[in-house]
Amino acid sequence: MHKIRIAAAAENLSYADYVRKLVGLPYAKIQRPRISLSFGAEDLERLAGRYDRPGADPQALKRCVMDEISSQLDAADSPDDP
């Protein structure tokens, strides 16, 4: 299952659509890739403090989380400077 998810992500497909592609069934490319994030009230409170956004809506906090994760992944992917 892990290999399917990795291969599907590399082709910007859901794993179900990747399997459909492999066996010759019709499939659709993901138009807008997204990651589902679910936060409880306590999580949102902590995130609002972390990102200094008191009273921010959940969508704004999710964007902050995704921006932080993207930055961390970009930093991990960039080569170290000698």
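We number each residue from 1, following the sequence as shown. Because only heavy atoms are used, hydrogens play no part in the values below, and waters and symmetry mates are left out as well, while side chains stay in.
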> Would you find a donor on one side and an acceptor on the other, under 3.5 Å apart, between the side chain of D43 and the backbone of G40?
Replying inline: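 Here the side-chain-to-backbone pair exists.
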> Do side-chain atoms of R53 reach the backbone of A48 as a donor and acceptor pair under 3.5 angstrom?
Replying inline: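 Judged by distance alone, no pair lies under 3.5 Å.
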> For the residue pair A28 and L13, what are the closest heavy atoms and their distance?
Replying inline: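 The answer is O-CD2, 4.0 Å.
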> Shortest non-hydrogen contact from A8 to S14?
Replying inline: CB-O, 3.7 Å
How many angstroms lie between atom [atom1] of [X] and atom [atom2] of [Y], to the nearest 0.5 angstrom?
X	Y	atom1	atom2	value
F39	L47	CZ	CG	5.0 Å
K62	C64	NZ	SG	12.5 Å
H2	I4	NE2	CD1	11.5 Å
D74	I69	CG	CD1	11.5 Å
M66	S71	CE	OG	10.5 Å
L73	E68	CG	CD	10.5 Å

> Linking I/L/V/M/F/W/Y whenever their side-chain heavy atoms sit closer than 4.5 Å, directly or via other members, would Y15 and L25 fall into one cluster?
Replying inline: no
>> Membership question, hydrophobic clusters at under 4.5 Å side-chain separation (ILVMFWY): are M1 and V19 in the same one?
In response: yes
> What do the steps show when you test R5 against Y18 for side-chain contact (heavy atoms from CB on, under 4.5 Å), and what is the final call?
Replying inline: CA-CA 8 Å; R5 288 185 181 140; Y18 183 74; over 6 Å; no
> For atom CD of E45, is the number of surrounding heavy atoms from other residues, nucleotides or ligands below 6.0 Å larger than 12?
Replying inline: no
>> Counting only heavy atoms from other residues, nucleotides and ligands, does the tally under 6.0 Å from CD of E42 exceed 12?
In response: no
> Relative to Y27, does R20 satisfy both conditions: NZ or CZ under 6.0 angstrom from the six-membered ring centre, and within 45 degrees of the ring's axis?
Replying inline: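 No; the conditions do not both hold, so R20 does not lie above the ring face of Y27.
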